[in-house]
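Reviewing the structure listed below.
Numbering starts at 1 and runs along the sequence shown.
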Amino acid sequence: MASFRGGRDDDGVKPVRSVLARRVRNGVGPMTARNLHGHVVQLLGQRIVSGELKPGEVLPPEASMAEEMEVSRTSLREAMKVLSAKGLVEARPKVGTRVRDARFWSQLDADVLAWRCSSMPTMDFVEKLSEMREIIEPAAAASAARHRTAVQLKRMQAAFDAMEAAPDPESWTSADLDFHEAILAATQNELLISLFSVIESALSSYFTMSAHTASNFKYSLPQHRMVLSAIRDKDAAAAQKAMLKVIVDTRANLSHKRRSNKAR
């Protein structure tokens with residue numbers, strides 16, 4: 001059974017109680033029940049997704065966890081409901097609440113995706129997100145070329161102009177996200193549009209990583225210009241090809257930087 005007592009648990013894992021208590025002490029203003037259960041969701045979710053709490057592991061009884069994490073049993077129950085809805089835990093009669101295997105997690109849930117991005121090895125994250133992007137974004141660019149409106153094209157142009165004018169990697173990343181969001185919006189497909197809100201945090205991490213590892217964070221600007229040009233011309237095949245080139249070049253940049261660091 002998982003331990004949440006002071007010091008470290010049997011596996012050397014930092015206890016949740018000290019982390020949560022410190023966050024509450026450092027908070028500004030009164031901590032509401034909603035904020036408390038949100039903290040519990042974040043802390044337990046991160047520990048589960050990172051593997052600190054392993055599949056099949058049984059969490060301590062509710063009363064014990066609530067006392068040791070310094071939250072009410074009501075807040076703890078609300079947090080467990082959220083984690084259960086995300087597929088991370090399940091309650092079983094006569095057993096208690098257990099951590100579920102990763103195959104049951106809601107992998108595209110925004111929180112789960114963010115926790116995975118922050119905990120998985122860098123290149124594992126790069127490869128998996130690159131593969132997902134290669135499947136989705138070139139087809140989305142082709143669809144945008146077929147369906148975009150003048151207003152949507154203007155939004156893409158504004159995002160591209162912001163990328164071109166970006167003075168630093170942070171500004172670049174923000175504009176880059178706007179550019180890719182504008183393309184998904186131009187597909188006129190509500191399912192694809194809603195997908196952006198799910199993967200936004202992962203893409204932000206990905207774009208930030210790419211911008212900071214490149215010798216010139218604007219290295220992919222010409223490829224983005226080709227995507228924009230193809231969508232402007234309503235050339236679906238060219239837009240698809242150009243978007244794939246953006247993704248392949250970004251993956252290559254990150255992989256090359258990884259190899260260079262290892263060689264040092």
To the nearest 0.5 Å, how far apart are [atom1] in [X] and [atom2] in [Y]?
X	Y	atom1	atom2	result
Arg47	Gln42	CZ	CD	14.5 Å
Leu59	Leu44	CG	CG	6.5 Å
Glu57	Arg98	CD	CZ	10.5 Å
Ser143	Ile231	OG	CD1	9.5 Å
Thr173	Asp178	OG1	CG	11.0 Å
Asp235	Arg146	CG	CZ	11.0 Å

How far apart are the closest heavy atoms of [X] and [Y], and which atoms are they?
X	Y	result
Leu184	Ile193	O-CG1, 3.4 Å
Val112	Leu88	CG2-CD1, 3.8 Å
Thr250	Tyr219	CA-OH, 3.3 Å
Val89	Met80	CG2-O, 4.0 Å
Ala141	Met243	CB-CB, 3.8 Å
Arg155	Ala185	NH1-CB, 3.7 Å

Co-membership, hydrophobic cluster, residues [X] and [Y], 4.5 Å side-chain:
X	Y	value
Leu254	Phe217	no
Leu203	Leu221	no
Ile135	Leu129	yes
Leu177	Met156	no

Check: [Y] and [X] side chains under 4.5 Å, non-hydrogen atoms:
X	Y	result
Lys241	Met226	no
Leu192	Ile136	yes
Lys245	Val227	no
Glu137	Ile183	no
Glu52	Gln46	no

Do [X] side-chain atoms and [Y] backbone N/O form a donor-acceptor pair below 3.5 Å?
X	Y	answer
Ser220	Gln223	no
Arg133	Ile247	no
Asn253	Ser210	yes
Arg148	Arg232	yes
Ser194	Glu190	yes

Just distance, no hydrogens or angles: give the donor-acceptor pairs under 3.5 Å from side chains in residues 161-171, sequence neighbours left out.
unit_1, atom_1, unit_2, atom_2, d
Asp161, OD1, Gln157, NE2, 2.8
Glu164, OE2, Arg225, NH2, 3.1
Asp168, OD1, Glu170, N, 3.2
Asp168, OD1, Ser171, N, 2.7
Asp168, OD1, Ser171, OG, 2.9
Glu170, OE2, His212, NE2, 3.0

Quiz prompt | Listed partners of Ala66 passing side chain to side chain contact (heavy atoms under 4.5 Å, CB included), at least two apart | solution =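 Residues passing side chain to side chain contact (heavy atoms under 4.5 Å, CB included) with Ala66: Arg73, Leu76.
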Practice problem: With sequence neighbours excluded, tell me which residues meet side chain to side chain contact (heavy atoms under 4.5 Å, CB included) with Gln240. | Solution: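 Scan of Gln240 (side chain to side chain contact (heavy atoms under 4.5 Å, CB included), adjacent residues dropped) gives Pro138, Ala142.
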Quiz item: What is the ring orientation for His180 with Phe207, classed by angle as parallel under 30°, tilted 30 to 60°, or perpendicular over 60°?
Solution: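 His180 and Phe207: tilted rings.
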Quiz item: Mind checking whether Phe160 and Phe179 have parallel, tilted or perpendicular rings, split at 30° and 60°?
Solution: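 It falls in the tilted class, 30° to 60°.
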Quiz item: Does Glu131 CD have over 12 foreign heavy atoms under 6.0 Å away?
Solution: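 It does not: Glu131 CD has 12 such atoms or fewer within range.
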Quiz prompt | side-chain hydrogen bond (donor to acceptor under 3.5 Å, both in side chains) between His224 and Asp176, intermediate numbers included | solution = CA-CA 9 Å; His224 282 80; Asp176 199 3; 3.1 Å; yes
Exercise. Under the side chain to side chain contact (heavy atoms under 4.5 Å, CB included) rule, what do Met69 and His39 come out as? Steps first, then yes or no, please.
Key: CA-CA 10 Å; Met69 296 179 73; His39 275 300; over 6 Å; no
Exercise. Please test His147 against Gln152 for side chain to side chain contact (heavy atoms under 4.5 Å, CB included), starting from the C-alpha separation and ending with a verdict.
Key: CA-CA 10 Å; His147 299 111; Gln152 289 165 337; over 6 Å; no
Exercise. Applying ring pair (Phe, Tyr, Trp, His ring centres under 6.0 Å), name anything that partners Phe196, two or more places apart in sequence or on another chain.
Key: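 If we apply the ring pair (Phe, Tyr, Trp, His ring centres under 6.0 Å) test to Phe196, skipping adjacent residues, there are no hits.
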Quiz prompt | By salt bridge (Lys or Arg N to Asp or Glu O under 4.0 Å) - contacts of Asp233 (at least two apart) | solution =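 Residues passing salt bridge (Lys or Arg N to Asp or Glu O under 4.0 Å) with Asp233: none at all.
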Quiz prompt | salt bridge (charged side-chain N to carboxylate O under 4.0 Å, His left out): pairs with one or both residues in residues 75-94, sequence neighbours excluded | solution =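 Those involving residues 75-94 are Glu62-Arg77, Glu78-Lys81, Lys86-Asp109, Lys86-Asp111, Glu90-Arg92, Glu90-Arg100.
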